[in-house]
Asks: 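Starting off with a structure, shown below.
Computed over heavy atoms, backbone and side chain alike; hydrogens, waters and symmetry mates excluded.
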Amino acid sequence: METYLRAEVDWPQAFPPQEYARRRQAVRDTLALAGLDALYVTSPANLTWLLGYDMIWYHLECVTGALLRADRDELVFFDSRAHISLVSTTPEITEVVYFEGDGHSSPVDVIAAELENRGLGNTHVGLEQFGYSPHGATVTALQTRIETLGCKVTNAWHLVEDLRLVKSALEIEHVRRAAAIADQAMAAAREAIGPGVLETDLEAEIMSTMMRAGGGYPGIRTMIGSGPRAGTHHSAPTRKPIQQGELVFVDFCGCYDRYHVNLNRTFSLGEPDSRWTELMTKSANCIDAVIAEIKVGDLMSKVDAVAQRYTDEAGLRKYVWWVGGYALGIAVPPDWCGNHWLTPRFGLPDRPLEVGMVFNLENQFDVWEQWPGGSGCAYIETLLVTEHGLEVLSSLPRNLVRV
């Protein structure tokens, strides 16, 4: 790396060196318990968590990654030579091997050569074979090449994410900052709603507010829908003008140093049909029911079970698009969803709630009965597990808000 650039790093980093060192030690301890000699990390979110590295282009064949080993405090970073400045200005990267890009050696060969040179031939190596980067064919090529060294290769895709699930005290500070940014941005969107205002105008207010507050772009584009688009859920904002009497659905994450806090609210431009108000008022109490019953040590699935029970008892099931949630934390586009869901997926276990966990809880509804104003409504809260139970991170009302 270019040490003169490293010497010029005088801006605040996301975390102090001791925090990153703690994380890497946790990975090494887990490798030893799992019987792995080394792990090659390629998940963008995991690289950010381990090193504070924040790169925007993880293309299909990108094998940018970090090699950690169980037997010593050593982390070797691998990246394209095109990123010399980015690597040099990321203080936690202390040793780097560059892919030259000259066509004479493939990145996969470079990684294998380093493993062999560092005495990791004929060892047990973990790869992250399930994720957004790199493409599965690239991971397969890397595995095949490493196996020529006599290595046993194991899919360790969730090893680091499991460690990320419970946040440290410093991480919780970041989560709270992301929540405050989300509230500011949602308030700005609410104030911007008016007749003739475009959905994209709301997006401009949200993003500019978050940037001015010190935040960043979230892992998923903002979801905005008004009127007949209010129930589209996973839709980006369009140039559709908002009209009097329409519902406006707004869903995004506050993002601070890549830490995400999800927030969704539904607004009405003018007086809404009373059925929308009743639906949102009833559903808002779902969060209160969950908070009242859930305690530290309960399984994550119990949160979902309480939410589902409340939904049924409140008579809302016929309108449900989705009630549920998933873990949140560091994330990099194109996604902010963690792989630990309240109802376990991907073969992962049902985890007991621990202080420092963060997850969202969604109440999203579709209505196909031609109620005036829209096709659906929703709210989403993000919850933090504290020693006293669950804490809602937003201070904004979750009922239908009239603008």
Side-chain angles (χ1 to χ4, degrees), residues 182 185-186 188-207 210 217-255 260-270 272-273 275-284 286 307 311 316-326 328 331 333-337 341 360-382 394 396-403:
M186 186 65 79
R190 180 189 63 215
E191 294 302 314
I193 293 172
V197 172
L198 305 183
E199 293 173 355
T200 49
D201 292 334
L202 300 189
E203 167 74 337
E205 291 294 331
I206 290 167
M207 285 300 127
M210 291 209 291
Y217 291 107
I220 303 175
R221 289 183 293 165
T222 304
M223 290 158 272
I224 296 177
S226 59
R229 286 173 33 81
T232 51
H233 305 288
H234 293 157
S235 61
T238 70
R239 291 184 295 276
K240 176 193 175 300
I242 300 170
Q243 300 179 33
Q244 190 73 23
E246 287 188 334
L247 302 185
V248 184
F249 168 106
V250 181
D251 181 0
F252 64 92
C253 267
C255 181
H260 287 63
V261 167
N262 194 197
L263 183 63
N264 175 200
R265 292 294 188 265
T266 303
F267 305 100
S268 173
L269 179 54
D273 184 287
R275 289 169 291 186
W276 291 116
T277 301
E278 182 181 5
L279 173 57
M280 288 292 289
T281 300
K282 282 184 177 180
S283 66
C286 177
T311 299
L316 304 176
R317 179 61 60 187
K318 66 179 292 189
Y319 300 119
V320 167
W321 178 76
W322 192 59
V323 171
Y326 47 78
L328 290 165
D335 201 1
W336 69 48
C337 303
W341 293 56
N360 76 346
L361 184 55
E362 308 190 14
N363 273 239
Q364 303 218 37
F365 305 96
D366 283 340
V367 176
W368 308 119
E369 299 176 0
Q370 296 184 307
W371 296 356
S375 56
C377 58
Y379 71 84
I380 299 174
E381 297 285 18
T382 296
S394 175
L396 301 179
R398 69 182 73 100
N399 57 299
L400 181 61
V401 175
R402 179 184 181 278
V403 178

Asks: Look only at the side chain of R190 and the backbone of R402, and say whether a donor-acceptor pair between them is shorter than 3.5 Å.
Replies: no
Asks: If you take all heavy atoms of G374 and W276, which pair is closest and at what distance?
Replies: O-CZ2, 3.4 Å
Asks: Can you name the side-chain contact (heavy atoms from CB on, under 4.5 Å) partners of P372, sequence neighbours left out?
Replies: D273, R275
Asks: Can you see which heavy atom on M210 is nearest to which on A185, and at what distance?
Replies: CG-CB, 3.6 Å
Asks: Flag the pair V197 / L269 as yes when at least one side-chain heavy-atom distance between them is below 4.5 Å, and no otherwise.
Replies: no
Asks: Suppose the criterion is salt bridge (Lys or Arg N to Asp or Glu O under 4.0 Å): which pairs have a residue in residues 362-371, not counting sequence neighbours?
Replies: K318-E369
Asks: What are the two closest non-hydrogen atoms of S375 and P228, and how far apart are they?
Replies: OG-O, 2.8 Å
Asks: Report the distance from atom CE of M186 to atom CG of L263, rounding to the nearest 0.5 Å.
Replies: 4.0 Å
Asks: Do W322 and H233 touch side chain to side chain, with heavy atoms closer than 4.5 Å?
Replies: no
Asks: Sequence neighbours excluded, which residues qualify as salt bridge (Lys or Arg N to Asp or Glu O under 4.0 Å) partners of E191?
Replies: none
Asks: Using atom types as modelled and distance alone, determine if a side-chain donor or acceptor of T200 lies under 3.5 Å from a backbone N or O of R239.
Replies: no
Asks: Could you tabulate the donor-acceptor pairs under 3.5 Å formed by side-chain atoms of residues 217-227, not counting sequence neighbours?
Replies:
unit_1 : atom_1 : unit_2 : atom_2 : d
T222   : OG1    : E203   : OE1    : 2.6
S226   : OG     : E199   : OE2    : 2.8
S226   : OG     : K240   : NZ     : 3.0

Asks: Any donor and acceptor pair, going by atom type alone, linking the side chain of T266 with main-chain N or O of A378 inside 3.5 Å?
Replies: yes
Asks: Give, for atom CD1 of I380 and atom CG of N360, the distance between the pair rounded to the nearest 0.5 Å.
Replies: 6.0 Å
Asks: Would you say the side chain of C377 lies within less than 4.5 Å of the side chain of L279, judging by non-hydrogen atoms?
Replies: yes
Asks: Taking R317's backbone N and O only, do any of them form a donor-acceptor pair with T311's side chain (distance below 3.5 Å, no angle check)?
Replies: no
Asks: Working to the nearest 0.5 angstrom, can you tell me the gap between W321 CH2 and H234 NE2?
Replies: 3.5 Å
Asks: What residues form a side-chain contact (heavy atoms from CB on, under 4.5 Å) with T232, not counting sequence neighbours?
Replies: R229, S235
Asks: Going by heavy atoms in the side chains, are L247 and L400 under 4.5 Å from each other?
Replies: yes
Asks: Can you tell me how far the CG atom of L361 sits from the OH atom of Y326, to the nearest 0.5 Å?
Replies: 11.0 Å
Asks: Any idea which heavy atoms bring A331 and H260 closest together, and the distance?
Replies: O-CE1, 3.3 Å
Asks: Under the side-chain contact (heavy atoms from CB on, under 4.5 Å) rule, collect the residues that match up with S283, sequence neighbours excluded.
Replies: M280, L316, N363, F365, Y379
Asks: Counting only N and O atoms by type, is there a donor-acceptor contact under 3.5 Å from the side chain of N264 to the main-chain atoms of V250?
Replies: yes
Asks: Can you tell me how far CZ of R265 sits from OG of S394, rounded to the nearest 0.5 angstrom?
Replies: 4.5 Å
Asks: Does some side-chain heavy atom of F252 sit less than 4.5 Å from a side-chain heavy atom of L202?
Replies: no
